[in-house]
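Numbered from 1 within each chain, the chains take letters A, B, ... in sequence-line order.
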Amino acid sequence: MAEVKNTMNPVTFEVTHVCTQSGARTGILHTPHGDVETPMFMPVGTQATVKFLSPEELYDMHAGVVLANTYHLWLRPGEDIVAKAGGVQKFMNYKGPMLTDSGGFQVFSLADTRKIREEGVTFKNPINGDILFLSPEKSIEIQNKIGADIIMSFDECIPYPSERKYVEDSMMRTLRWAERGKAAHTRSEEQALFGIVQGGDHEDLRHYCAEKLVEMDFPGYAIGGTSVGEDKETMKRMVQMSAEKLPYDKPRYLMGVGAVNDLLEAISLNIDMCDCVLPTRIARHGTLMTSEGRINIRKSIYREDFTPLDPDCDCYCCRNYTRAYLNHLFRCNEGFGTRLMSIHNVRFLIHLMERARTAIKENRYNDFKAEVLHSMKFDERGF
RNA sequence: GCGGCUGUGGUGAAGUUGGUCAACACACUGGAUUGUGGCUCCAGCAUUCGAGGGUUCGAGUCCCUUCAGCCGCC
């Protein structure tokens, strides 16, 4: 019996409904820490904390999967400490599923101090200047110790635009890294390793990369290399090109996307999972997502606005506080304001996804998308 | 009544051998933020230096008058 269990994937996916109007789909992702419905938005908690939110609050607002970052936890407090705590979920007391990014994005975002070679990447530790080395094997080893339900292949996220030759070389290397990472993965009964499609905006490269990953047979696939400065049409094409070669019955994860119009378009393209720092980052800077579009709470028009931030939102902030109070807290640079606004933006996106799932199940996703884009004053096209 | 000091944008203020655009900071007003080192980044914000007049090619900077505030003396 035990043998049977060992051959099972720790994370499985099932499509539960396909919208007859749009082709968008709902599904359920089964994980060791519970089932979550898709499409979903995953908040980012880089340092084993979604900035300003408690894990209990996240759980209560149905955050589903929460991200943490391999690179950051490797540097502090170190993966062995997280392992001793019993894994990242126990460490931070989050009861739902978690996912760790591989550190691959940091190769891109810390471009000033890195050197990429076949073996791996040399970084300069921004904390103390130490020279560090991260490889596919090392990334997976760290992620095995951190212990999230879903772990990510170590990839290279290249800037846009890049020379085709570089895009191709990088993508081929990312494929070799995926193979090495898969071979190094020692906890495949407990943690699902997802592959990442790269290839820039070149159709043949995206296709090739996706096909090769599928041959390696991952329990889920991510689409990387988007939201790096390209225009909306290019982004859409990159997602389409990647997705059309992925198996329909496996979860698709679009990395780094969190703007409302981008999320709605991603759902149309059969994306099941998205993550982004956007809601929490812009909240810290006073920008809030509401059913009538983005607003900046700093503006003086909110000084005497004693209405809720968003009357259509059910979050703790909107149920209890006014725009005037948030304006005051933000101008005084009070942490409680940052907390309330972070709570709102995260819950807003989770709620948006809940409404999207309902619309899909009721076969009216296109109508829903158009209504939201209109009321939030996005361009008719979005994405 | 006499003597002294001060008077630059919403605020604190820099600015004397008189010489293009009046420094800087805060505040204020916009904008940005997409696999995260929170309190960040970008842009705008005094045709004008208490008021009036004079000297000068040129005055926030020199002179005169006046007003206001503060301090001291009668």
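Here A:His72 does not pack flat against the base of B:U36, since the 5.5 angstrom centre distance and 30 degree tilt limits are not both met.
The two residues A:Asp312 and A:His351 have their closest heavy-atom pair at O-NE2, 4.0 Å.
With C1' as the reference atom, B:U48 and B:G7 are 15 Å apart, rounded to whole Å. The separation of B:C57 from B:G30, taken at their P atoms, amounts to 48 Å, rounded to a whole angstrom. The separation of B:C62 from B:G72, taken at their C1' atoms, amounts to 28 Å, rounded to a whole angstrom. With both ends at atom P, the span from B:G38 to B:G19 equals 48 Å, rounded to whole Å. Rounded to whole Å, the C1' atom of B:U47 lies 37 Å from the corresponding atom of B:C39. Taking atom P in both B:C70 and B:A46, one finds a spacing of 31 Å when rounded to whole Å. A distance of about 12 Å separates the P atoms of B:C64 and B:G4, rounded to the whole Å. Look at the C1' atom in both B:U20 and B:G60: the space between them is 16 Å, to the nearest Å.
Distance, A:Phe194 CZ to B:G35 C1': 14 Å, rounded to whole Å. Computed from coordinates, the A:Phe41 CZ to B:G35 C1' distance equals 11 Å when rounded to whole Å. We find that CE of A:Met341 is positioned 14 Å from C1' of B:U33, with the value rounded to whole Å. At whole-Å resolution of the value, CZ in A:Arg298 and P in B:U33 are 14 Å apart. Atom-to-atom, CG of A:Asp101 to C1' of B:U34 comes out at 13 Å; the value is rounded to the nearest Å. Per the geometry, OH belonging to A:Tyr302 stands 13 Å off C1' belonging to B:G30, to the nearest Å. In this structure, A:Lys236 atom NZ and B:U34 atom C1' are separated by 18 Å, rounded to whole Å. Between A:Lys51 atom NZ and B:G35 atom C1' there is a gap of 14 Å when expressed in whole angstrom units.
Base contact: A:Ile196 has a heavy atom under 4.0 Å from a base atom. Among the protein residues, A:Gln198 comes within range of the nucleic acid bases, having at least one heavy atom under 4.0 Å from a base atom. Within the nucleic acid shown, A:Cys157 comes within 4.0 Å of at least one base atom, counting heavy atoms only. Nucleic acid contact class of A:Tyr253 (heavy atoms, under 4.0 Å, all strands): none. Using a 4.0 Å heavy-atom distance criterion, A:Arg331 is classed as a sugar-phosphate-only contact. At a threshold of 4.0 angstrom between heavy atoms, the contacts of A:Asn333 include nucleobase atoms, whether or not backbone atoms are also involved. Using a 4.0 Å heavy-atom cutoff across all strands shown, A:Gly225 reaches at least one base atom of the nucleic acid.
The A:Asp262 side chain lies nearest to B:U34 when the options are B:U34, B:G35, B:G37. Minimum atom distance to the side chain of A:Val257 is reached by B:U34, of the listed B:U33, B:U34, B:U36. Relative to the side chain of A:Ser227, the nucleotides B:G37, B:U34, B:G35 differ in distance, and B:U34 lies closest.
Salt bridge present: A:Arg164 and A:Asp204 bring a charged side-chain N and a carboxylate O closer than 4.0 Å. Classification of A:Asp217 and A:Lys250 as a salt-bridged pair holds, one side-chain N sitting under 4.0 Å from a carboxylate O. Between A:Glu57 and A:Arg339 there is a salt bridge, with a side-chain nitrogen of the basic residue lying less than 4.0 Å from a carboxylate oxygen of the acidic one.
The 5' end of RNA chain B is approached more closely, in terms of each residue's nearest nucleotide, by A:Thr280 than by the other of A:Thr280 and A:Phe330. Each of A:Met152 and A:Thr338 was assigned the nucleotide of RNA chain B with the nearest heavy atom; the assignment lying further toward the 5' end belongs to A:Met152.
In a base pair of the Watson-Crick type (N1 to N3 plus N6-O4 or O6-N4) or a G-U wobble (N1-O2 and O6-N3), with each distance short of 3.5 Å, B:G3 is matched with B:C71. Using Watson-Crick or G-U wobble geometry with both donor-acceptor distances under 3.5 Å, B:C24 finds its partner in B:G12. In this structure B:C41 sits in a base pair with B:G31, meeting the Watson-Crick or G-U test at under 3.5 Å.
For the pair A:Arg252 and A:Phe13, the NZ or CZ position fails the cation-pi test of under 6.0 Å to the six-membered ring centre and within 45 degrees of the ring normal.
OP1 or OP2 of B:G31 has not a single side-chain nitrogen or oxygen of A:Asn296 nearer than 4.0 Å. The side chain of A:Lys299 contributes no N or O atom lying less than 4.0 Å from OP1 or OP2 of B:C28. For A:Ser300 and B:U29, the shortest distance from a side-chain N or O to OP1 or OP2 is below 4.0 Å. The side chain of A:Arg281 contributes an N or O atom lying less than 4.0 Å from OP1 or OP2 of B:U34.
At a cut-off of 3.5 angstrom, counting only N and O atoms as typed in the model, there is no donor on one side facing an acceptor on the other between the side-chain of A:Asn69 and the base of B:G35. For B:U33, the base has no donor-acceptor partner in the side chain of A:Arg294 [N/O atoms by modelled type, under 3.5 angstrom].
The environment of NZ in A:Lys361 is crowded: more than 12 heavy-atom neighbours from other residues, nucleotides or ligands sit within 6.0 Å.
Side-chain contact annotation: A:His30 with A:Glu14, donor-acceptor N/O pair under 3.5 Å present.
When ring centroids are compared, A:Phe330 and A:Tyr325 stay outside the 6.0 Å threshold.
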